[in-house]
Amino acid sequence: MASNLSVEEYEKLKKERQFYKFQFRGLELEALNKLKDAEISELYHARARRRMSRGMNKKYVSLMKKVRESKKDVKIGDKPPVIKTHLRNMLIMPEMIGGMTVSYTHLTLPTKRIVEISVVAVSLKKKHDA
């Protein structure tokens, strides 16, 4: 149903129904996406800053790339496809917001633990355990 709307109609509906604007430490999502990694890490809490200062492994970069690509190919008004991952300790970056993940627990990939990413500087583990 949502994919039948034009871009203008969707933007009009979005403005009418907008209740919550995402902000992190006083910055909106568009401003956060424009920041570099060093500037973003200054906004994070101490544990996340330490983690960022040590660099990101190839596994984490590839997960960010998958989330970014899944968000890019989505039709207007639809949700992105779910990304399956074992990386429960991945820090959520601003560009991952709006993506959907499911995390490996112990034995299987759960089907009901699909989480829409909506918080910055928290690990995926905390989002999936909540």
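Here NZ of Lys79 is found 13.0 Å from OG of Ser70. Values are rounded to the nearest 0.5 Å. In this structure, CE in Met96 is found 15.0 Å from NZ in Lys65, a value given to the nearest 0.5 Å. The CE atom of Met93 sits 8.0 Å away from atom OG of Ser41, with the distance rounded to the nearest 0.5 Å. Distance check: Met52 CE to Asp37 CG gives 4.5 Å after rounding to the nearest 0.5 Å. A distance of 11.5 Å separates CG in Leu91 from CD1 in Ile40, rounded to the nearest 0.5 Å.
For the pair Arg51 and Tyr60, the cation-pi criterion (under 6.0 Å, within 45° of the ring axis) is fulfilled.
Under the 4.5 Å side-chain heavy-atom criterion for Ile, Leu, Val, Met, Phe, Trp and Tyr, Val67 and Val74 are members of distinct hydrophobic clusters. Taking hydrophobic clusters as Ile, Leu, Val, Met, Phe, Trp and Tyr residues chained together by side-chain heavy-atom distances below 4.5 Å, Met64 shares a cluster with Leu35.
Shown here for Pro94 and Leu29, the closest heavy-atom pair between the two residues is O-CD1, 3.6 Å. Residues Arg49 and Tyr44 approach most closely at NH1-O, 2.8 Å, considering heavy atoms.
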Leu32 and Ile97: side chain to side chain contact (heavy atoms under 4.5 Å, CB included), yes or no, with the steps?
CA-CA 11 Å; Leu32 284 172; Ile97 296 202; 5.9 Å; no
Could you check Leu27 against Arg25 for side chain to side chain contact (heavy atoms under 4.5 Å, CB included), going step by step and ending with a plain yes or no?
CA-CA 6 Å; Leu27 295 174; Arg25 307 274 170 122; 5.8 Å; no
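Using modelled atom types, one side-chain atom of Glu39 and one backbone atom of Lys36 make a donor-acceptor pair closer than 3.5 Å. Of the possible polar contacts, none joining the Lys71 side chain to the Lys66 backbone as a donor-acceptor pair under 3.5 Å is found.
Ion pairing between Glu95 and Arg68 holds under the 4.0 Å rule for side-chain N and carboxylate O.
Using a 4.5 Å cut-off on side-chain heavy atoms (C-beta onward), Leu63 and Ile83 make contact.
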